[in-house]
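Below: the structure, in structure tokens.
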Amino acid sequence: MKIKVLLGLAILNTSLAVSAADNQWDAYYQTATKAQKQIGAGELKDASLAAKKLVSISKSLLPEVVAKKPVCEAYLSAAIKAADTMLTISVDEIERDYHADGKLPPVKDAACYHAKDLLVHPATVVVLAANQAHDKKTQKQMHHEIEEVLEHFGQV
């Protein structure tokens, strides 16, 4: 009887962990969609806040990718470690260092690249909102970044 109870608890805990992980993926997608709508409505400050939330959620999602794709460990770990820094640098720096991988180790699998962009594109939205005028040009750039987020999300 004790073994059945322990086994049942283990299955329940596993189900809860999977459910929590699924909820994080769903929360990421819903937040990205919300940011896309906010950008479309010209609510760039609100979209920046949503993008910060995407950065935060991505820091818990990327280790899940590493668990399934260990080849991504060095690459994604470096991206996660740099997440807070990404939010404070210039547009040119984030492009050079994280979009173009200037400060990241070599990537060995396209899945690693797609997962990294779940972090880098929202961070770029935050940087754009912080460093550029809230005009149509910035709005267009931010919209493009969130389109990329949703595209990479589908790849991951």
Legend entry - Residues T33 and Q36: side-chain donor-acceptor under 3.5 angstrom: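 There is no such pair (donor and acceptor under 3.5 Å, judged by atom type) between the side chains of T33 and Q36.
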Inset, instruction - Would you kindly say whether Y75 and D101 are connected by a side-chain donor-acceptor distance under 3.5 Å? - result: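 Note: Y75 and D101 side chains meet the donor-acceptor criterion.
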Inset, instruction - Quick one: sort the Y28 and F153 rings into parallel, tilted or perpendicular, breaks at 30° and 60°. - result: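 Parallel.
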Could you tell me if the side chain of [Y] sits less than 4.5 Å from the side chain of [X], heavy atoms only?
| X | Y | result |
| --- | --- | --- |
| W25 | L118 | yes |
| T124 | E95 | yes |
| V149 | D117 | no |
| Y29 | L150 | yes |
| V127 | L87 | no |
| L61 | I57 | yes |

Atom pair [atom1] ([X]) and [atom2] ([Y]), whose distance is rounded to the nearest 0.5 Å:
| X | Y | atom1 | atom2 | value |
| --- | --- | --- | --- | --- |
| E93 | N131 | CD | CG | 9.5 Å |
| E148 | H99 | CD | NE2 | 8.5 Å |
| K108 | E73 | NZ | CD | 10.5 Å |
| S48 | E43 | OG | CD | 13.0 Å |
| Q30 | L54 | CD | CG | 11.0 Å |

Legend entry - Passing option when I39 is tested against K34, M142, E145 for side-chain contact (heavy atoms from CB on, under 4.5 Å):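 Of K34, M142, E145, side-chain contact (heavy atoms from CB on, under 4.5 Å) with I39 is met by M142 alone.
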Over all heavy atoms of both residues, which pair between [X] and [Y] is shortest? Give the atoms and the distance, please.
| X | Y | answer |
| --- | --- | --- |
| A133 | T138 | O-OG1, 2.5 Å |
| T31 | A50 | CG2-O, 3.4 Å |
| A129 | H134 | O-NE2, 2.8 Å |
| C112 | L76 | O-CD2, 3.5 Å |
| P63 | S58 | CD-O, 4.4 Å |
| C72 | A111 | SG-C, 4.4 Å |

Inset, instruction - State plainly whether one hydrophobic cluster holds both V55 and L49, where clusters connect Ile, Leu, Val, Met, Phe, Trp and Tyr through side-chain heavy atoms under 4.5 angstrom apart. - result: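 Unlinked, V55 and L49 end up in two clusters.
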Inset, instruction - Report whether I80 and V120 are members of the same hydrophobic cluster (ILVMFWY, side-chain heavy atoms less than 4.5 Å apart, transitive linking). - result: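 In one cluster with I80: V120, yes.
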Inset, instruction - Taking K53 for its side chain and A32 for its backbone only, find out whether a donor-acceptor pair lies under 3.5 Å. - result: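 Between the backbone of A32 and the side chain of K53 there is no qualifying donor-acceptor contact (under 3.5 Å).
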Inset, instruction - Inspect the surroundings of NZ in K59 and state if more than 12 heavy atoms from other residues, nucleotides or ligands are less than 6.0 Å away. - result: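 Atom NZ in K59 is crowded, with more than 12 foreign heavy atoms closer than 6.0 Å.
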Legend entry - Residue E151 excluded, over 12 heavy atoms near CD under 6.0 Å: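 No, CD of E151 has 12 or fewer neighbouring heavy atoms, counting only those of other groups under 6.0 Å.
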Legend entry - Output field: ring centroids H121/H144 closer than 6.0 Å: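 So the answer is no for these two rings.
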Inset, instruction - State which residue, out of Q141, Q139, K137, fulfils the side-chain hydrogen bond (donor to acceptor under 3.5 Å, both in side chains) condition with Q132. - result: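 Per the side-chain hydrogen bond (donor to acceptor under 3.5 Å, both in side chains) rule, the option paired with Q132 is Q141, out of Q141, Q139, K137.
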Legend entry - side chain to side chain contact (heavy atoms under 4.5 Å, CB included) between D109 and K69, worked out: CA-CA 9 Å; D109 187 317; K69 287 265 190 189; 3.1 Å; yes
